[in-house]
Every structure is written in C-alpha cells, then in structure tokens.
Number of protein chains: 2
Amino acid sequence: MITSQPTCDKVTLVTDDCDRTTPAFAPHDHRACEARALDEAAGRLAEQGGRMTPVRRRTLEILLESHRAMGAYEVLDRLAAEGFGHQPPVAYRALDFLVEHGLAHRLQRLNAFAACLHPGHDHAPAFLICRACDKLAELPAAPVRTALSNLAAETGFAVERVTIEALGLCPACAEAGA
Amino acid sequence: MITSQPTCDKVTLVTDDCDRTTPAFAPHDHRACEARALDEAAGRLAEQGGRMTPVRRRTLEILLESHRAMGAYEVLDRLAAEGFGHQPPVAYRALDFLVEHGLAHRLQRLNAFAACLHPGHDHAPAFLICRACDKLAELPAAPVRTALSNLAAETGFAVERVTIEALGLCPACAEAGA
DNA sequence: GTTGACTTGTTATCATGTAACATGAAATGG
DNA sequence: CCATTTCATGTTACATGATAACAAGTCAAC
C-alpha cells in the first residue's frame, strides 16, 4: 500500500506504524506518526490537567510536521503567519508548556525544540542529530543514564537531569555523502 | 602543608595534585591544577601547530581560575578590562580556538565555556554541573559513549560527537541543602 | 454574574553569537 | 633583507535566542 506523504520527504514506503523500534530516519508513515503523537499528547494532558489551547496545539503540530528541531523564532514566524501573536513570548510560552508536559524536547546543542514522538511514558531520551539533513531521532537512554549516574555517585554527585545528544550522520546522508 | 588558595574558594587542604581521579568538587591544590593544565596545553598546542598568543593564553587563564563555566561575555569583560579588544568576536575567537584544540569545553546546557582540566589526551568527557554552586567536574565518559554508539549503530546512525551533561548537586551543596 | 486562575497579547530589553571587512604581526621564500 | 602569504586581532553591524513586566481577554467555579 503506497500513499503520498507530503510533509515528510523521506517517506517512500508506508509501514504500519512509527513505534519505539522504528527510528525517525527509517521510512515510515509520517502521517500516522504525527497523528499518534497528537493523540498521546491529548491523553497525557488529560492526566496532568494541562489545557490544550489553539496556540499550543498548533505549535505542537508545527513541530510534528518534520523530524527536525526548530528554533523558537522559526516556530513564531509560522504562528504569526496564522494569526497568532507576533512576539517571542508567544512561541516561548507554548514551547515551554509542551516541554514541561513532556510533549516536546529542547535540544541544548541546537537551542531548538522538537516534538516528542512517544509521549505518554515519562522519558529522557538520547538524541541523534544528523548534521547534514538536521533530522532527529530519539533513543531510549535509560542504560546510558544509569551508567552515568553510577559513575557520578562515586564522586558524591547526585545527578538530577541528564542531557545526551549525539551529532553525526543518519543512514541516508552517510550513503549520499560516501 | 597549608597554603592560601585565593582563586578557589573550596580549597582548604592542599593535596599533591589534581589528577584524573580527583574530581573538581574535592578539595585540592588549585594552583597546581591550573599550572598543570596550562603546561599540558602548551604541549598539546606544540603537537598540533597552534599558536598560543596573548589573548588565547589569557582567556585560558581566566577560565582556569575557577572550576566553573563562564559565558563568553563574562570572559570578554575580563579581557577588555585588561586591554584586549572590547567586541564579542575577540572572546568567541579565543574560546573557539581553545575548544578546537581541546583546551576548553563548551557547555551546551549553559551556553558557556570551561577550561579543560586534563588536556593532552583526546577526550570527550561527561560533565557534572552543580546547579547550586555552578561548579563543574569532568568525568571520563568512554564507556557511556560506546554504549550510546552501539545503540545508535543499530539504527545505522554514525555518531561523531557526543554531548553528555548532567545537572545535579555536588557533595558540598547536597550537604548544605539537606 | 463575579471572583480568581490561567492564557494570550503587548512593549521593551537583555543575552548570545556571527558575518564582513580593515589592520597588523609572523612565518615563508626568494 | 624585503616581498608575499598567512594568520591574528580589532572593528562595525547585525542576527538570533530569551525573558521581565504589564494589560487585556477567557473560562471555570462558586
């Protein structure tokens, strides 16, 4: 079954889902990917008591349109073009809200934001950032984090939050570059 | 043997060195710590063909004065006060040079820079950042990095550079806070 | 239907980072 | 020793990222 996938240029073949074992770099049904994330987001907010308002929903949708990280001002431009406020706090507030509720991530390395692709379970993933195409994948990082916490504990340091971000080449770009 | 340690407020007891197994949080002879880093830096530059100019040396010294990360503009103020240029590129160029040559690190999470305390061997350490006192320690992260690279390899992603930064409480601040 | 909490919008400002160009010092090579 | 080239330093100007403080609108709850 083949369908067109206007928002995700890497998609050529439709697979059945976009689950934890399918990284963002692999071809997948990005529409389903988006829909699922939005769906899980709604569920998560219901639990936590957060309100999914128009700006916030639209912000999440904008992030979800690609597997990329976007700068706050890039998001702001999109929001402004659609009739929302034109000032930085509009974007930052929506983005911060999404991050706080686990629906988006902040990429320290890029000073940018990306939609979380599997909200619904509390996680602090590692990120793989392709330096050629800017695409982004989340990786379960629990083992890496505990390894680090153990090392740190030897020095008496109590780890609270860990940032793990890898820069490199995704399969497609590695092939293209070689 | 007790001596005064004007630049490192945590130091009360002088130990013989500041080696790989002594994290920045532990009391140590910070003067020796500085001297050794400067020394190793010179050696490393000789190998690589980089030139240690006045601005660069001074920038490194400024970073070395504390086990903290400093913002580029904070460094710039210090440089400007000492007769160097007053414009941002002065600081950024010196800092970028130091980072490129492995003499300093950039802390993504803080948008700040810190001197590398053990240059001379190529390393991409993990960082422990105390959220209370802002002090900073480097941790050998080879095992953590390889764990991540292996995970990433399963997706076909080729990791090139990894950022690992942990935010938390150092022993002293944990005790003080509790 | 008014209170109170929250959301959205604004203005203004600050912090961080870079592009582009001019000048000056140091190594290279005749 | 001087000319050439390369690299370093300095500048102006600007781009990007982020937040404080305040005004006005929305919405649920009582």
Side-chain angles (χ1 to χ4, degrees), chain A residues 41-42 45-46 48-63 68-101 103-114 129 134 163 165 167, chain B residues 41-42 45-46 48-63 68-101 103-114 134 163 165:
Chain A
L45 278 192
Q48 296 181 293
R51 275 164 56 186
M52 182 56 101
T53 63
V55 216
R56 292 169 179 173
R57 156 165 278 113
R58 194 64 199 113
T59 301
L60 181 54
E61 287 170 356
I62 289 170
L63 290 181
R68 285 192 314 114
M70 298 180 72
Y73 280 64
E74 196 181 346
V75 171
L76 176 59
D77 286 346
R78 298 281 307 271
L79 290 174
E82 299 177 23
F84 296 98
H86 290 235
Q87 309 307 322
V90 171
Y92 279 103
R93 280 197 287 239
L95 290 167
D96 288 346
F97 173 89
L98 295 175
V99 170
E100 264 166 37
H101 290 79
L103 308 179
H105 299 287
R106 179 188 278 261
L107 282 288
Q108 304 291 345
R109 184 140 199 149
L110 306 176
N111 292 320
F113 301 82
I129 307 166
D134 274 337
T163 301
E165 298 176 3
L167 210 62
Chain B
L45 278 191
Q48 295 181 296
R51 276 164 54 187
M52 181 57 100
T53 63
V55 216
R56 290 170 181 171
R57 156 165 280 113
R58 194 64 198 114
T59 301
L60 181 54
E61 287 170 357
I62 288 169
L63 291 181
R68 286 193 311 114
M70 298 179 71
Y73 280 68
E74 196 181 345
V75 171
L76 177 58
D77 285 346
R78 298 282 308 270
L79 291 174
E82 300 178 22
F84 296 100
H86 290 234
Q87 309 306 324
V90 171
Y92 279 104
R93 280 196 289 236
L95 290 166
D96 288 346
F97 173 89
L98 294 175
V99 170
E100 264 167 36
H101 289 79
L103 308 179
H105 300 287
R106 185 187 205 111
L107 282 289
Q108 305 291 345
R109 184 134 200 156
L110 307 176
N111 291 323
F113 300 82
D134 272 338
T163 299
E165 297 176 2

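Residue numbers begin at 1 in each chain, while the letters A, B, ... track the order of the sequences.
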d([atom1], [X]; [atom2], [N]) in whole Å:
| X | N | atom1 | atom2 | answer |
| --- | --- | --- | --- | --- |
| A:Glu74 | D:dA18 | CD | P | 13 Å |
| A:Glu100 | C:dC6 | CD | P | 13 Å |
| B:Arg109 | C:dA15 | CZ | C1' | 18 Å |
| B:Leu45 | D:dC7 | CG | C1' | 15 Å |
| A:Gln48 | C:dC6 | CD | P | 15 Å |
| B:Gln87 | C:dT23 | CD | P | 16 Å |
| A:Met52 | C:dC6 | CE | P | 18 Å |
| A:Asp77 | D:dG17 | CG | C1' | 13 Å |

Problem set entry | Earlier contact from the 5' end, DNA chain C, for A:Val90 and A:Tyr73 |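 Mapping each residue to its closest nucleotide by heavy atoms, the 5'-most match is A:Val90.
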Problem set entry | Reported CD-to-CZ distance for the pair B:Glu82 and B:Arg58, which is rounded to 0.5 angstrom |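 B:Glu82 CD to B:Arg58 CZ: 4.0 Å, rounded to 0.5 Å.
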Exercise. Roughly how far, to the nearest 0.5 Å, is the CD atom of B:Glu74 from the CG atom of B:Leu79?
Worked result: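 Those atoms lie 11.5 Å apart.
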Exercise. Thinking salt bridges, do A:Arg106 and A:Glu100 make one under a 4.0 Å N-O criterion?
Worked result: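 A:Glu100 and A:Arg106: not salt-bridged.
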Closest to side chain of [X], choosing from [options]:
| X | options | value |
| --- | --- | --- |
| B:Ala72 | D:dT12, C:dG17, D:dG17 | C:dG17 |
| B:Pro89 | D:dA8, D:dT11, C:dT16 | D:dT11 |
| A:Arg93 | D:dA21, D:dT19, D:dT12 | D:dA21 |
| A:Val55 | D:dG10, C:dG9, C:dG17 | C:dG9 |

For this session: Check the surroundings of atom CZ in A:Arg78: do more than 12 heavy atoms from other residues, nucleotides or ligands lie under 6.0 Å from it?
Result: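 Check passes, neighbour count above 12.
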Please determine whether a side-chain nitrogen or oxygen atom of [X] lies at a distance below 4.0 Å from atom OP1 or OP2 of [N].
| X | N | result |
| --- | --- | --- |
| B:Arg106 | C:dG17 | yes |
| A:Arg56 | C:dT7 | yes |
| B:Asn111 | D:dG17 | no |
| B:Arg51 | C:dA25 | no |

Problem set entry | A:Glu165 side chain to A:Gln108 backbone, donor-acceptor under 3.5 Å |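 Side chain of A:Glu165 to backbone of A:Gln108: a pair is present.
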